[in-house]
Novice: 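Here it is: the structure, laid out below.
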Amino acid sequence: LSDQPLKQVLAKPDLSGRLIKWSVELGKYDVKFEARPAIKSQVLEDFVGDHTLTECMEEDTSEEEKRLWKLSVDGSSCVSGSGAGLILTSPDGWTLEYALRFGFKATNNEAEWEALIDGLTIAKHLEVQKIEASSDSQLVVGLASGEYEAREDSMAKYLAYFQSLKIAFQMLRVLKVPRAENVRADQLSK
């Protein structure tokens, strides 16, 4: 222990000293180390498949997917007012973004419906034939796809208007997306 005073040596314990100190401290909690089991090859294959960028892969798009426009919508209602965010993307990749502010009070569900209907109205005026709309509202997507039944009068009216607007398109799909995938539309709505 060379020239260093004993106090300095004890003040800076080496790695093994720290490990012993922690093992004594944690010993009273009955903490045990368990080795992680081996990862099955199928799990690893699924992980790689789920997290591989699809842009790098060759895409085999069906005729139905060609010329498909994408619409992302989100509605927002708060004390300061309500609004909608819309992102309309053409098959060629150019994007139109809209931030709408409503001149009336709306619930969150009404704002979500307004966003979808306004987005589809814009697409109709642009003479879009095939469109896939995505929203993070489970109620609006459920009603639009026929999975849910409209119980409130206002939701029934929005659904009826959506149905009348639907006939303007050759193909219209409404999909539910997680909020994390709808961030830009959410920002525009606020």
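Residue indices begin at 1 and follow the sequence shown. Scope of the values below: all heavy atoms of this structure, side chains included, with no hydrogens, waters or symmetry mates.
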Novice: Using side-chain hydrogen bond (donor to acceptor under 3.5 Å, both in side chains) as the criterion, list what pairs up with K157, not counting sequence neighbours.
Specialist: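 Once residues adjacent in sequence are excluded, the partners of K157 under the side-chain hydrogen bond (donor to acceptor under 3.5 Å, both in side chains) criterion are D153.
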
Novice: Considering residues, nucleotides and ligands other than R179, do more than 12 of their heavy atoms fall under 6.0 Å from its CZ?
Specialist: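 Not more than 12 within 6.0 Å, no.
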
Novice: Is I87 reachable from W69 through a run of I, L, V, M, F, W or Y residues, each pair having side-chain heavy atoms under 4.5 Å apart?
Specialist: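 They do not share one cluster, since no chain of ILVMFWY contacts under 4.5 Å joins W69 to I87.
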
Novice: Taking the six-membered ring for Trp, are W113 and Y158 parallel (under 30°), tilted (30 to 60°) or perpendicular (over 60°)?
Specialist: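 The arrangement is parallel - the two ring planes meet at less than 30°.
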
Novice: Contact between P91 and L68 at the side-chain level, heavy atoms closer than 4.5 Å - yes or no?
Specialist: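 They are not in contact (no side-chain heavy atoms under 4.5 Å apart), so the answer is no.
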
Novice: Quick check against the 3.5 Å criterion: does E181 have a side-chain atom that pairs as donor or acceptor with the backbone of P178?
Specialist: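 Judged by distance alone, no pair lies under 3.5 Å.
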
Novice: For the residue pair L143 and M155, establish whether any side-chain heavy-atom pair is separated by less than 4.5 Å.
Specialist: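 Counting from C-beta outward, L143 and M155 do come under 4.5 Å.
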
Novice: Would V128 and M171 show up in the same hydrophobic cluster when neighbours are defined by side-chain heavy atoms closer than 4.5 Å?
Specialist: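 In one cluster: no.
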
Novice: Step through the shown structure and confirm whether more than 12 heavy atoms of other residues, nucleotides or ligands are within 6.0 Å of CD on Q129.
Specialist: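 Result for CD/Q129: enclosed.
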
Novice: Applying a strict under-4.5 Å side-chain criterion to I, L, V, M, F, W and Y, I'd like to know whether L96 and I117 cluster together.
Specialist: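 Linked within one cluster.
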
Novice: Is there a path of hydrophobic side-chain contacts, each under 4.5 Å between heavy atoms of I/L/V/M/F/W/Y residues, joining L139 to Y161?
Specialist: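 As far as the 4.5 Å side-chain criterion goes, L139 and Y161 are connected within one cluster.
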
Novice: Do NZ/NE/NH1/NH2 and the carboxylate oxygens of E97 and R184 come within less than 4.0 Å?
Specialist: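 Here E97 pairs with R184 in a salt bridge, since their nearest N and O are under 4.0 Å apart.
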
Novice: For A185, does its backbone N or O pair with a side-chain atom of D74 as donor and acceptor, under 3.5 Å?
Specialist: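 Side chain of D74 to backbone of A185, a donor-acceptor pair under 3.5 Å: no, none is there.
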
Novice: Do L120 and I122 belong to the same hydrophobic cluster, where Ile, Leu, Val, Met, Phe, Trp and Tyr are linked whenever their side-chain heavy atoms lie under 4.5 Å apart, directly or via other members?
Specialist: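 Same hydrophobic cluster.
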
Novice: Tell me, do I131 and K70 make a side-chain contact under 4.5 Å, heavy atoms counted?
Specialist: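 SC-SC contact between I131 and K70 ruled out.
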
Novice: Within the distance-only criterion (no hydrogens, no angle test), does the side chain of S82 pair as donor or acceptor with the backbone N or O of F104 below 3.5 angstrom?
Specialist: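 Checked: pair present.
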
